[in-house]
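For reference, the structure discussed in these notes is given below.
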Amino acid sequence: QVQLVESGGGLVQPGGSLRLSCAASGSIFSIDAMGWYRQAPGKQREVVAIITRGGSTNYVDSVKGRFTISRDNAKNTVYLQMNSLKPEDTAVYYCNSDRIRDYRGYDWHNVWGQGTQVTVSS
């Protein structure tokens, strides 16, 4: 079985920064696109940023210029650097991969982490 485990959330003041990490564990051969999503109270989950295995990135308009997604394929880890945080960034942040292949050749589709809380407040 494969898992995604997020870390790095917490409480930060407006204008501050946080760096989220998401590490994949298990007998992993390869990971396709990875992404960060968030869900605020009373709202639907939304995509924040996506990065392909080759490093191409896409961001939701509201975080462009403030957030940066990156990945380390050797460590099976994706990161989200969040700068100039705003109260409206408060949400549970989830890591996702659309496909993880293990060494048996089995594909795990649409894998989600458990989420990490980010709270932006003074």
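Owing to the predicted nature of the structure, the values given are computational and were not obtained by experimental measurement.
- Pairs engaging residues 18-34 under the side chain to side chain donor-acceptor pair (under 3.5 Å) rule: D32-R99 [sequence neighbours left out].
- For the pair I31/V78, no side-chain contact is recorded, criterion being any heavy-atom separation below 4.5 Å from C-beta on.
- Side chain of N96 to main chain of V111: a donor-acceptor pair is present (N/O by atom type, distance under 3.5 Å, no hydrogens or angles).
- Within the structure, side chain to side chain donor-acceptor pair (under 3.5 Å) contacts touching residues 4-18 (residues at least two apart or in different chains) are E6-Q114, S17-N83.
- When all heavy atoms are compared, the tightest approach of S97 to A33 is OG-O, 3.2 Å.
- Put simply, OG on S62 and CG on D89 are 7.0 Å apart, with the number rounded to the nearest 0.5 Å.
- Nearest heavy-atom pair across A40 and A91 is N-CB, 3.8 Å.
- The closest donor-acceptor contact from the side chain of Y59 to the backbone of I69 lies under 3.5 Å.
- R38 has its side chain within reach of E46: a pair of non-hydrogen atoms, C-beta onward, lies under 4.5 Å apart.
- Separating the SG atom in C95 from the CD atom in Q3 is a distance of 12.0 Å, to the nearest 0.5 Å.
- Minimum interatomic distance between M82 and V118 (heavy atoms only, all atoms of both residues): CE-CG2, 3.9 Å.
- One hydrophobic cluster, built from ILVMFWY side chains closer than 4.5 Å, holds both V12 and L20.
- Both L85 and V63 are assigned to one and the same hydrophobic cluster, defined by single-linkage of ILVMFWY side chains at heavy-atom distances under 4.5 Å.
- Nearest approach of P14 to S122, heavy atoms of both residues: CD-N, 3.7 Å.
- Pairs engaging residues 93-122 under the ring pair (Phe, Tyr, Trp, His ring centres under 6.0 Å) rule: F29-Y103, Y37-W112, Y106-W108 [sequence neighbours left out].
- Counting all heavy atoms, side chain and backbone alike, L4 lies closest to C22 at CB-SG, 3.8 Å.
- Minimum heavy-atom separation, I50 to G35: CD1-CA, 3.8 Å.
- Rounded to the nearest 0.5 Å, atoms OG1 (T52) and CE (M34) are 12.0 Å apart.
- Put simply, the side chain of T90 gets close to the backbone of V120: a donor and an acceptor are under 3.5 Å apart.
- Atom CG of L80 sits about 10.5 Å away from atom CD1 of I51, to the nearest 0.5 Å.
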